[in-house]
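Report on one structure; see the data block that follows.
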Amino acid sequence: MTRLRLRSVLLRCCLLGALIGATAPSRAAPPPGGAPPAAAALRQQARIAFFGRRWADAEARFEAALAAPDAAGMTEAQLAEVLGYLGLSELEQGKHREAAEHLGESLEHDAALKEALVRRFTSAFNKALEHVGRIYVAAAPPDAEVLLDGEPIGTGATVLELFVDPGKHTVLARLSGYEELSQRVEIAAGGTVGAALTLSRVAPPPPPAPEPSAKKSEPVAPAAAPPGPWTSWPGTLRIAGIAVTTAAISSGTVFMLRANVLDGDIDERGDGLDRDPAWTSDACRQVPQPSACPELHRLRVQRDTSRALGAALVATGVVVGAATVVSFFAGSSSPRANAAPAALRVLPVTTAQQIGVVALGAW
């Protein structure tokens, strides 16, 4: 009996302990740092897919990270890296236009990137540009909506840089109370064109004819002095001059930046060849030439061409800009200009790919 009672007591104690353990509140420690935010998790997954060379998977996950609810919490460096790696994933898949757009947006934040990433993204951006065209669009008034092939892409508040596939495209500007204006452009791979769209107000209906009545003769005002050659410029030509100046200087700056990048590539290749004991300074004059000589020659030709084009475009922009500025100052000295002063807005435009100003107003 004593042994049976002891077993019964022990069994009851075990059951009571199990019951207490089952009903006690859980005190498991939370995971360190809490759950990662959606954007951070997607960035990590996208990097794993990218370095695993799963380009389509990496592209989808980088885009999902940019669209995540907490994407606004990313730092400038994180945003620049996501855009740059997204562009690299698209470039590997032959999506050159999308790659140029995202790599260009990434390089707008180049100050937040490491130098190695800036070089890598810049090289990839130049490769993408070889397969697409660029259109610089200037529209006035600044509230005008700009469309490319029927798709809205911005307003005339600033000069728009558009990356497009080679071929024919239609740029259109529209605004309530103004007549629509479109321009058809054709661009080749690696080319750059400009489009200036200045809208005209819709003509108001003619006023009703006044009833015939006797009127007193009024003194005739003296005729105004004829305007000079600069003051006779219409507003359309002034805006066109501003657009040409901005596009030329911006394009020239891009070409000169590309020349500097190519110059750096040439120096890196030259440093690597100098470390080769078999390499000499006149190796490319020998027959047969080493395999590195054609590539060095191609890079030098591209560098010199880009530098010459850049200098020519910048010089053209300066000349046209100077003529446009002179027209403003000359026009302000005439009686007609003093009677109706122009409202001028000058907007600076500075990105990784373009530098200039946009002047908008009504003359």
Side-chain angles (χ1 to χ4, degrees), residues 28-135 148-149 151-154 160-167 189-190 254 257-258 261-262 264-265 268-269 272 295 299 351-354:
L42 289 168
R43 289 201 314 271
Q44 183 64 22
Q45 295 169 9
R47 289 176 63 88
I48 293 173
F50 178 85
F51 290 107
R53 305 181 69 83
R54 302 195 307 273
W55 311 122
D57 187 18
E59 177 189 3
R61 294 183 185 275
F62 279 126
E63 289 181 342
L66 292 174
D70 59 339
M74 286 192 292
T75 64
E76 185 180 7
Q78 291 171 343
L79 176 62
E81 287 186 12
V82 169
L83 290 169
Y85 281 116
L86 173 58
L88 292 179
S89 303
E90 292 165 337
L91 184 63
E92 291 290 345
Q93 300 176 78
K95 300 179 179 180
H96 300 104
R97 182 181 60 81
E98 295 87 347
E101 290 179 354
H102 291 129
L103 287 166
E105 292 178 16
S106 173
L107 290 173
E108 291 179 4
H109 309 278
D110 56 353
L113 291 171
K114 296 180 180 178
E115 185 177 353
L117 284 180
V118 172
R119 289 198 301 267
R120 184 176 185 182
F121 293 164
T122 302
S123 177
F125 178 67
N126 291 330
K127 290 180 181 178
L129 289 181
E130 295 176 358
H131 301 275
V132 300
R134 277 188 293 185
I135 304 176
L148 175 66
D149 297 331
E151 295 293 331
I153 45 95
L160 300 173
E161 181 186 32
L162 310 177
F163 298 96
V164 297
D165 295 321
V254 171
L257 289 174
R258 184 169 184 266
V261 172
L262 291 171
D265 292 344
E268 289 182 3
R269 291 176 181 270
E295 179 66 15
L299 290 174
T351 68
Q353 290 77 40
Q354 57 177 329

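All residue numbers refer to positions in the sequence shown, counting from 1. Below, all heavy atoms of this structure are taken into account, side chains as well, without hydrogens, waters or symmetry copies. The structure displayed is predicted, hence computed values, not measured ones.
By the side-chain contact (heavy atoms from CB on, under 4.5 Å) test, Ala58 is found to be paired with Ala49, Phe50, Phe62, Ser89, residues two or more places apart in sequence or in another chain being considered. Take Asp149 and apply the side chain to side chain donor-acceptor pair (under 3.5 Å) test, not counting sequence neighbours, and it matches His169. Residues passing the salt bridge (charged side-chain N to carboxylate O under 4.0 Å, His left out) test with Glu130, sequence neighbours excluded: Arg258. Scored by the side chain to side chain donor-acceptor pair (under 3.5 Å) test, Gln45 finds Arg61 as partners (sequence neighbours excluded). Shown here are the side-chain contact (heavy atoms from CB on, under 4.5 Å) partners of Arg43, two or more places apart in sequence or in another chain: Ala39, Ala40, Ala65, Met74, Gln78, Val82. With sequence neighbours excluded, no residue forms a salt bridge (charged side-chain N to carboxylate O under 4.0 Å, His left out) with Glu90. Residues satisfying the salt bridge (charged side-chain N to carboxylate O under 4.0 Å, His left out) criterion with Glu101, sequence neighbours excluded, are Arg97. In terms of the side chain to side chain donor-acceptor pair (under 3.5 Å) criterion, Arg47 has no residue partners (sequence neighbours excluded). Residues forming a side chain to side chain donor-acceptor pair (under 3.5 Å) with Glu76 (at least two apart in sequence, or on another chain): His109. In this view, Pro152 and Glu145, Leu147 satisfy the side-chain contact (heavy atoms from CB on, under 4.5 Å) rule, not counting sequence neighbours. Residues meeting the side-chain contact (heavy atoms from CB on, under 4.5 Å) test with Ala56, sequence neighbours left out: Gln93.
A pairwise comparison of heavy atoms in Ile153 and Leu148 identifies CG1-N, 3.9 Å as the closest pair. Contact between Leu129 and Ala100 at its shortest, heavy atoms only, is CD2-CB, 4.5 Å. For the residue pair Leu113 and Phe121, the shortest heavy atom distance occurs at CD1-CD1, 3.8 Å. Heavy-atom minimum distance, Leu88 versus Ala124: CD2-CB, 3.4 Å. Taking each heavy atom of Gly87 and Leu103 in turn, the nearest pair found is CA-CG, 3.9 Å. Taking all atoms of both residues into account, the shortest heavy-atom contact from Leu91 to His96 is CD1-CD2, 3.7 Å.
Proximity of Leu162 to Arg134: side-chain heavy atoms (C-beta onward) are nowhere separated by under 4.5 Å. With contacts defined as side-chain heavy-atom distances shorter than 4.5 Å, the pair Leu83/Leu107 does not qualify.
The stretch residues 116-129 participates, sequence neighbours left out, in these side chain to side chain donor-acceptor pair (under 3.5 Å) pairs: Glu115-Arg119.
Distance CD/Glu105 to CG/Leu79: 8.5 Å, rounded to 0.5 Å. Separation of atoms CD (Glu92) and CZ (Arg53) is listed at 6.0 Å; rounding is to 0.5 Å.
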